[in-house]
Amino acid sequence: MISFEGKTIALEPGQTVLAGLEAAGVGVETSCRAGVCQSCLMQVVDGAPSKRSQQGLSPGQIAGGLFMPCVCVPEGDLVVARAGDAHQRIEAEVHSLEPLSDSVLRVRLKPLADFAYRPGQFVRLITEDGLVRSYSIASTPDVAPLVELHVRLIPGGRMSGRLKGSTAPGDRVVVSGPSGGCTYDGVEADQPMILAGAGTGLAPLWGVLHDALARGHRGPITLYHGALNEGGLYLRGELEGLAERHANFRYRPCLMDRGEDLLAIVKADPALKGAGLYLCGDAPLVERMRKALFLAGARLADIRADAFAAAA
Amino acid sequence: MTTLYERLGGAPAMETAVDIFYRKVLTDDRISRFFEDVDMERQAAKQKAFLTMVTGGPANYTGQDMRRGHAHLVAQGLDDSHFDAVVELLAGTLAELGASPADIAEVGALANSVRDDVLNREPVKA
């Protein structure tokens, strides 16, 4: 039995979720119909999709309940939705707000219900009057159960202006998600890791870095943080401290006003071809880096990207 | 009697195949514009499905799926020359993976069997 948008559909024995939906008149975009191309991706809201229907999906996709209905013959009842329609939404209380630099605000939230996530994923922050913005989760294990976000203070930015100007500890917000696959999953303990972020692209990398170290990652980890100038290198002291304490971690700031190009520096990393690669920051830069590093030899399966799109 | 898909190594081999094939198409001026998808992950998944199909792996494309999927590219000018270029790069990819000339010819034939659907046109009756 599957349920979709309030409609209940009984599946015949051996019938796939896709076949059941189509027979009931639901339109689903499809292509290969063989559990590879991911055109038909949908989301499980309740119940467990078959293993085959999640084969080949990234850890982030699986964590988000995505599955391929074209090859899903479920063992039990399922409630399904179009991908992206159903997100966990929980209330949270603002715990603290503190500046990490002139342009970055550390916001810590206390979820008021169980909120499970993998460091490096992102959430949508929703204010009481319906303003929505996405932020990466930067939390490290030591601040649990608080959820930490690094908010870039954008001149004229509606959300960042409000968080800086009027939001106070105790205020309530809604957090939706988590989404995204920029996590320490699918990485071998001895594999090199290259973390490259620009601006607040450091946020998910900060979480992933701590997660990797906490899980005993042995391979070399290099974090490249790109900023316009020294003022943009937030958490620099903490990162230098981590590098001193962990022999396999190297921190390499990259300054635009000194003519340094983040992409060129990452491309020159000798470990590029076999490394787990993490690219985070503004969308145009991340997409440019993803393509260039792929062409330079990084494997698609090793590239995890979190591209920040500006709010309209 | 195994399929080329199985002999190459099945699904994990397709990961390697996509890396090789995708790099070729992105750097080929004849067709790169049709692959300039911002969503590289989505694009890679589609290519993996294509490679799976042409090497004899599991695939259940319908002619309609192929037509709909490529209609917007045909509107951008996709034609036989581009299709030929893709088949050429596909052959190069398979050669790098160790496929024999006989295998490659067979794959070419499979690819050609969807030409009319991809290019959104009626097959020419002799």
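Quick note: numbers below take in every heavy atom, side chains included, and nothing from hydrogens, waters or symmetry partners. Lettering of chains follows the sequences in order, A, B, ..., and the numbering in each one begins at 1. Small disclaimer: the values here were computed from a predicted structure and weren't measured.
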So, [X] side chain and [Y] main chain: donor-acceptor pair closer than 3.5 Å or not?
X: A:His217; Y: A:Gln191; result: yes
X: A:His225; Y: A:Ala198; result: no
X: A:Thr200; Y: A:Ala203; result: no

Give the interface residues of [range] toward chain A, defined by a heavy-atom separation under 4.5 Å.
range: residues 5-27 of chain B; answer: B:Glu15, B:Val18, B:Asp19, B:Tyr22, B:Arg23, B:Leu26, B:Thr27
range: residues 43-57 of chain B; answer: B:Ala44, B:Ala45, B:Lys46, B:Lys48, B:Ala49, B:Thr52
range: residues 61-97 of chain B; answer: B:Tyr61, B:Thr62, B:Asp65, B:Arg68

Minimum heavy-atom separation for [X] and [Y], please, with both atom names.
X: A:Val71; Y: A:Ser53; result: CG2-CA, 3.8 Å
X: A:Thr16; Y: A:Leu11; result: O-CD2, 3.7 Å
X: A:Phe308; Y: A:Pro204; result: CZ-CD, 4.3 Å
X: B:Leu4; Y: B:Ala99; result: CD1-CB, 4.1 Å

Got a second to check how far [X]'s [atom1] is from [Y]'s [atom2], nearest 0.5 Å?
X: A:Ser179; Y: A:Leu66; atom1: OG; atom2: CG; result: 8.5 Å
X: A:Phe67; Y: A:Leu78; atom1: CZ; atom2: CG; result: 6.0 Å
X: A:Gln61; Y: A:Gln43; atom1: CD; atom2: CD; result: 11.0 Å
X: A:Cys70; Y: B:Asn60; atom1: SG; atom2: CG; result: 8.0 Å
X: A:Met42; Y: A:Glu29; atom1: CE; atom2: CD; result: 12.0 Å
X: A:Thr222; Y: A:Leu209; atom1: OG1; atom2: CG; result: 10.5 Å

Quiz item: At a heavy-atom separation under 4.5 Å, does A:Gln55 approach chain B through its side chain, its backbone, both, or neither?
Solution: neither
Quiz item: Do A:Arg304 and A:Asp185 meet the salt-bridge criterion of a basic N to acidic O distance under 4.0 Å?
Solution: no
Practice problem: Please determine if B:Arg33 and B:Glu36 form a salt bridge, counting it only when a charged side-chain N lies under 4.0 Å from a carboxylate O. | Solution: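 Salt bridge flag = no for B:Glu36 with B:Arg33.
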Practice problem: May I ask you to name which of A:Gly297, A:Gly56, A:Ala305 has the most heavy-atom pairs under 4.5 Å with chain B? | Solution: A:Gly297
Quiz item: So which of A:Ala307, A:Gly35, A:Ala298 has the largest heavy-atom pair count under 4.5 angstrom toward chain B?
Solution: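 Most pairs with chain B among the choices: A:Ala298.
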Practice problem: Apply side chain to side chain contact (heavy atoms under 4.5 Å, CB included) to A:Thr183 and A:Asp211, showing your working. | Solution: CA-CA 9 Å; A:Thr183 62; A:Asp211 196 21; 5.8 Å; no
Quiz item: What are the residues of residues 273-284 of chain A, in order of number, with any heavy atom under 4.5 angstrom from a heavy atom of chain B?
Solution: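 Hits under 4.5 Å: none found.
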Self-check item: Distance-only donor-acceptor check, side chains A:Gln38 and B:Glu41, under 3.5 Å
Solution: no
Quiz prompt | Stepwise side chain to side chain contact (heavy atoms under 4.5 Å, CB included) check, A:Val286 with A:Asp306 | solution = CA-CA 8 Å; A:Val286 167; A:Asp306 199 350; over 6 Å; no
